[in-house]
Protein chains: 2
Amino acid sequence: MSALVSAALEVVEREGLDALSMRRLAEQLGVQAASLYWHVQSKEQVLDLLADELLDRVRTEALPADLDRVATGEVAWTDALTETAVNYRAFLRCRRDAARIIAGRFVGGISLARVLEPILGVLRAGGLSAHDAAYAVYTIIVYVQGFVLHESSPLSASNAEGMERSDALRGVKAAIGALPEDEFPHLAESVDALTEANLEERFRFGLDRLIDGLSAHVR
Amino acid sequence: MSALVSAALEVVEREGLDALSMRRLAEQLGVQAASLYWHVQSKEQVLDLLADELLDRVRTEALPADLDRVATGEVAWTDALTETAVNYRAFLRCRRDAARIIAGRFVGGISLARVLEPILGVLRAGGLSAHDAAYAVYTIIVYVQGFVLHESSPLSASNAEGMERSDALRGVKAAIGALPEDEFPHLAESVDALTEANLEERFRFGLDRLIDGLSAHVR
DNA sequence: ACCTGAACACCGTTCAAGT
DNA sequence: ACCTGAACACCGTTCAAGT
């Protein structure tokens with residue numbers, strides 16, 4: 001990994017993606033901002049390199065080790081797929097702003113290929129056609145990235161001025177509670193589930209439904 | 001709708017979200033940038049207002065008119081849900097940068113409540129518990145937003161220099177084709193489905209699997 | 001081959017001052 | 001109640017010039 005990418009990664013990890021400017025990145029490298037343009041074409045390209053590096057870490061850190069044991073019948077393909085998605089979410093959650101960096105752009109490089117290949121293998125072993133496996137892996141990725149993007153998105157400025165996320169959610173809950181119940185009967189019933197702070201269960205619910213649906217599609 | 005919000009919406013529609021600066025917005029209103037801060041606390045708040053306005057339009061423009069005919073048994077809940085998701089995607093696709101604006105922040109206001117209420121009604125009529133209906137609507141929203149975010153995301157700077165999206169995809173396809181086939185056998189089989197330019201069918205595939213899974217969960 | 005200094009055309013935000 | 005002018009501390013990017 002180039003010094004530039006590792007410096008960029010360090011800035012993002014310590015100060016967040018919004019703090020990553022060409023000037024800040026140059027400072028991290030002990031160099032002037034203008035110098036970066038000898039190594040790189042634009043800030044966009046820095047973000048591409050960052051996304052590619054993160055994708056590489058997805059492969060080494062988030063892909064379960066036993067994906068190849070699906071083809072041998074030792075592991076159920078639905079379980080392998082679930083574990084992959086759960087690990088991917090965990091990865092995106094723990095590396096600062098990783099979801100924003102990866103989801104915001106489409107880098108069709110070798111790193112993506114290396115991530116997709118084993119997952120496609122799991123789906124093929126599960127009995128999906130090459131066509132459906134492509135669609136399925138895309139769907140899973142979109143769901144996981146969309147979920148993490150949502151759960152780590154800033155709350156609206158109005159209800160988030162330096163607040164804890166859970167406090168802000170309590171505010172939303174209170175606001176829903178104050179709505180006329182005859183106009184919003186279903187919302188009133190579902191408010192607790194909608195404003196839970198722990199999204200673990202919610203993630204699993206959607207993922208399980210999705211994989212159930214894929215499983216039913218094979219039969 | 002306030003003049004400020006409608007001006008902001010106009011700038012976004014004509015020049016894109018990236019062109020929306022406080023200075024550009026002020027110009028649109030025939031005023032100095034500093035003046036905006038009498039009406040609004042920050043740019044963040046402008047984006048919140050924008051998201052809220054768009055959510056209001058989701059309700060009036062994207063929610064199917066016959067959602068209440070699910071409760072009477074005239075319309076199948078799965079069909080109503082599918083139509084809602086399809087319409088929502090179409091809405092996000094046709095209003096410039098709407099996905100980025102809405103997905104990027106969580107505005108727990110009345111506009112969101114008005115969107116969620118009828119969808120929750122559909123799910124409740126379909127037999128889901130209040131708890132599961134909450135999870136299900138969240139899952140659908142995450143999937144649709146994640147999908148549109150992905151399909152309208154910029155391609156990496158390296159393969160998108162002023163290129164058409166379809167040309168860039170052809171480039172990705174060629175790159176995958178050049179990979180050693182013994183190392184990437186599944187990718188080689190799935191490359192066509194992965195690099196299709198038309199995402200209509202792909203969207204429906206994931207959505208159908210998801211709603212199938214929800215449907216199976218009820219029984 | 002790699003870096004600097006200086007500049008250009010921008011940002012979001014604040015604040016005293018105006019009407 | 002609403003707006004301006006000027007300023008502050010930033011941006012990404014270019015380019016001649018340095019070593």
Side-chain angles (χ1 to χ4, degrees), chain A residues 1-52 96-97 100-101 104-105 107 153-163, chain B residues 1-52 96-97 100-101 104-105 107 153-163:
Chain A
M1 177 180 36
S2 72
L4 191 145
V5 173
S6 103
L9 219 46
E10 222 163 301
V11 172
V12 169
E13 229 143 275
R14 290 219 286 253
E15 302 166 39
L17 181 57
D18 293 331
L20 182 69
S21 66
M22 294 302 267
R23 286 170 152 94
R24 178 70 191 82
L25 176 54
E27 188 193 31
Q28 185 76 16
L29 288 160
V31 110
Q32 292 303 115
S35 313
L36 298 178
Y37 289 84
W38 193 91
H39 303 272
V40 112
Q41 240 179 359
S42 62
K43 185 179 178 181
E44 273 299 289
Q45 204 195 323
V46 173
L47 294 173
D48 283 352
L49 294 170
L50 227 35
D52 200 74
R96 171 112 91 135
D97 287 329
R100 278 171 69 196
I101 295 169
R105 61 203 53 251
V107 270
S153 78
L155 294 147
S156 67
S158 40
N159 53 22
E161 288 140 17
M163 238 186 261
Chain B
M1 178 178 35
S2 73
L4 190 145
V5 173
S6 104
L9 219 46
E10 223 163 299
V11 172
V12 170
E13 230 142 275
R14 291 219 285 253
E15 302 166 39
L17 180 57
D18 292 332
L20 181 69
S21 66
M22 294 301 268
R23 287 169 150 96
R24 179 68 191 85
L25 177 54
E27 187 192 33
Q28 185 76 15
L29 288 160
V31 109
Q32 292 302 117
S35 313
L36 297 178
Y37 289 84
W38 192 91
H39 302 273
V40 111
Q41 240 179 358
S42 63
K43 185 179 178 180
E44 273 298 289
Q45 204 195 324
V46 173
L47 294 173
D48 283 352
L49 294 170
L50 226 36
D52 200 73
R96 171 112 91 135
D97 288 329
R100 277 172 71 197
I101 295 168
R105 62 204 50 255
V107 269
S153 79
L155 295 147
S156 68
S158 40
N159 54 20
E161 286 142 18
M163 236 185 262

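On a predicted model such as this, the values are computed, not experimentally measured, just so you know. Just so we're on the same page: letters track the sequence lines, and every chain starts at 1.
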Next item on the list: May I ask you to list the residues of residues 22-31 of chain A, by number, that have any heavy atom positioned under 4.0 Å from an atom of DNA chain D?
Entry: A:M22, A:R23

Quick one: does [X]'s side chain get under 4.5 Å of [Y]'s, heavy atoms only?
X     : Y     : answer
B:V5  : B:D52 : no
B:L36 : B:K43 : no
B:Q32 : B:R23 : no
B:M22 : B:V46 : yes

Margin query: Taking only side-chain N and O atoms of B:H39, does any of them lie within less than 4.0 angstrom of OP1 or OP2 on D:dC3?
Written below: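 It does, given that an N or O in the side chain of B:H39 lies less than 4.0 Å from OP1 or OP2 of D:dC3.
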
Check: Is the distance from OP1 or OP2 of C:dC2 to the nearest side-chain N or O of A:S35 less than 4.0 Å?
Finding: no

Item checked: Salt-bridge contact A:E15-A:R24 (side-chain N to carboxylate O under 4.0 Å) ->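 Yes, A:E15 and A:R24 are salt-bridged.
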
Check: Salt-bridged, A:E44 to A:R105, with N to O below 4.0 Å?
Finding: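 Yes, A:E44 and A:R105 are salt-bridged.
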
Margin query: Can you tell me which nucleotide in D:dG12, C:dG12, D:dG5 comes closest to the side chain of A:K43?
Written below: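 From the listed options, D:dG12 comes nearest.
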
Notebook entry, point to check: Which of the following nucleotides, C:dA1, D:dT4, D:dA1, is nearest to the side chain of A:W38?
Noted result: C:dA1

Distance in angstrom units between [X] [atom1] and [N] [atom2], rounded:
X     : N      : atom1 : atom2 : result
B:Q32 : D:dA1  : CD    : P     : 22 Å
A:D18 : C:dC11 : CG    : C1'   : 14 Å
A:L47 : D:dG12 : CG    : C1'   : 12 Å
B:L20 : C:dC10 : CG    : P     : 16 Å
A:Y37 : C:dT4  : OH    : P     : 15 Å
B:L36 : D:dG5  : CG    : P     : 14 Å

Check: side chain to side chain contact (heavy atoms under 4.5 Å, CB included) between A:Q28 and A:L4: does it pass, once the steps are laid out?
Finding: CA-CA 9 Å; A:Q28 185 76 16; A:L4 191 145; over 6 Å; no

Next item on the list: Please answer whether the main-chain N or O of A:G16 pairs with a side-chain N or O of A:D97 as donor and acceptor at a distance below 3.5 Å.
Entry: no

Next item on the list: Please step through side chain to side chain contact (heavy atoms under 4.5 Å, CB included) for the pair A:L50 and A:L20, ending with a clear verdict.
Entry: CA-CA 11 Å; A:L50 227 35; A:L20 182 69; 3.8 Å; yes

Note to self: Between D:dA9 and C:dA9, how many Å separate the two P atoms, rounded to a whole number?
What the structure shows: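 Those two atoms are separated by 22 Å.
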
Next item on the list: For nucleotides D:dC2 and C:dA17, find the distance between their P atoms and express it as a whole number of Å.
Entry: 22 Å

Next item on the list: Quick one: the dot-bracket string of DNA chain C, using Watson-Crick and G-U wobble pairs with both distances under 3.5 Å, [ ] for crossing pairs and | for bases paired to another strand.
Entry: ||.|||||...|||||.||

Item checked: Nearest-nucleotide 5' precedence on DNA chain C, A:A33 against B:A19 ->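 Comparing both residues, the 5'-ward one is A:A33.
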
